[in-house]
Amino acid sequence: MTERAERDTLGAEALAALGERFGTAVALEAAEVPTLVWTDGPTVAEAEEAARAVAPEAAARAAFRRELSETSVALGALRLAVAPSTLHCGLPVPVSPSAVARLWRDTPLPAPATAREERLVHALLYEVHDDHRANAVTPQQICDGLMVRGVAALARRMGLEATDGDA
């Protein structure tokens with residue numbers, strides 16, 4: 001590889017350094033615009049900054065995409081479902097994969113804040129996996145599963161007391 005080619009791409013060493021810095025696996029999707037992809041971990045802005053520190057010229061030509069794990073999607077869906085409505089009509093905010101992505105856009109390493117949240121995430125994922133008889137489910141299936149059941153039903157199933165925000 002020429003000196004210019006090495007400078008213009010995020011090579012194996014740069015990817016390893018970024019993965020170590022992020023604390024998660026990092027992949028480079030080869031396309032017209034190379035895309036750096038990771039799950040959960042830092043925000044896109046934090047990843048761009050880290051990539052510029054490791055390989056500035058290559059980072060300037062790369063795209064960045066953070067994917068969310070099933071656990072992060074379920075946690076985000078639960079938080080959206082119990083959040084007070086921001087809509088003028090008072091209806092709950094729709095829980096969708098795009099709303100979950102917006103919720104986590106500026107939050108690195110999404111994680112349950114309480115044991116109750118952790119148990120609700122587990123219950124939701126268990127039920128959605130069971131519904132679809134699958135080892136992996138999509139963000140849409142997770143959001144739909146929550147909207148069909150509601151937080152209160154999941155809490156009852158786990159033996160947790162319902163709170164005011166549970167619907």
Checklist entry - Measuring from Leu80:CG to Leu146:CG, what's the distance to the nearest 0.5 Å? => result 9.0 Å
Next on the checklist: List the residues meeting side chain to side chain contact (heavy atoms under 4.5 Å, CB included) with Val148, not counting sequence neighbours, and say none if there are none.
Outcome noted: none
Item to check | Interatomic distance, Leu78 atom CG to Leu154 atom CG [nearest 0.5 angstrom] | outcome: 7.0 Å
Pairs under 3.5 angstrom only: tabulate donor-acceptor contacts from the side chains of residues 92-115 to other protein residues two or more places apart or in another chain.
unit_1, atom_1, unit_2, atom_2, d
Ser96, OG, Ser98, OG, 3.2
Ser96, OG, Ala99, N, 3.2
Trp104, NE1, Ser72, O, 2.9
Thr114, OG1, Arg116, N, 3.4
Thr114, OG1, Glu117, N, 3.0

Next on the checklist: How about CD on Glu118, more than 12 heavy atoms from neighbouring residues, nucleotides or ligands closer than 6.0 Å, or not?
Outcome noted: no
Checklist entry - Which salt bridge (charged side-chain N to carboxylate O under 4.0 Å, His left out) pairs, counting each pair once, include a residue from residues 37-48, with sequence neighbours left out? => result none
Item to check | side chain to side chain donor-acceptor pair (under 3.5 Å) involving His132 - partner list, sequence neighbours excluded | outcome: Gln141
Below 3.5 Å, can you tabulate the donor-acceptor pairs from side chains in residues 120-129 to any protein atom, sequence neighbours excluded?
unit_1, atom_1, unit_2, atom_2, d
Glu127, OE1, Arg149, NE, 2.5
Glu127, OE1, Arg149, NH2, 3.4
Glu127, OE2, Arg157, NE, 2.9
Glu127, OE2, Arg157, NH1, 2.6
His129, ND1, Ala134, O, 2.8
His129, ND1, Asn135, O, 3.4
His129, NE2, Glu70, OE1, 2.7

Checklist entry - Side chain of Arg66, backbone of Val37: donor and acceptor closer than 3.5 Å? => result no
Checklist entry - If you look only at pairs with a residue in residues 48-71, which of them pass as a ring pair (Phe, Tyr, Trp, His ring centres under 6.0 Å), with sequence neighbours excluded? => result none
Identify all side-chain donor-acceptor contacts of residues 13-33 below 3.5 Å with residues at least two apart in sequence or on another chain.
unit_1, atom_1, unit_2, atom_2, d
Glu29, OE1, Arg65, NH1, 3.4
Glu29, OE1, Arg65, NH2, 3.3
Glu29, OE2, Arg65, NH2, 2.8

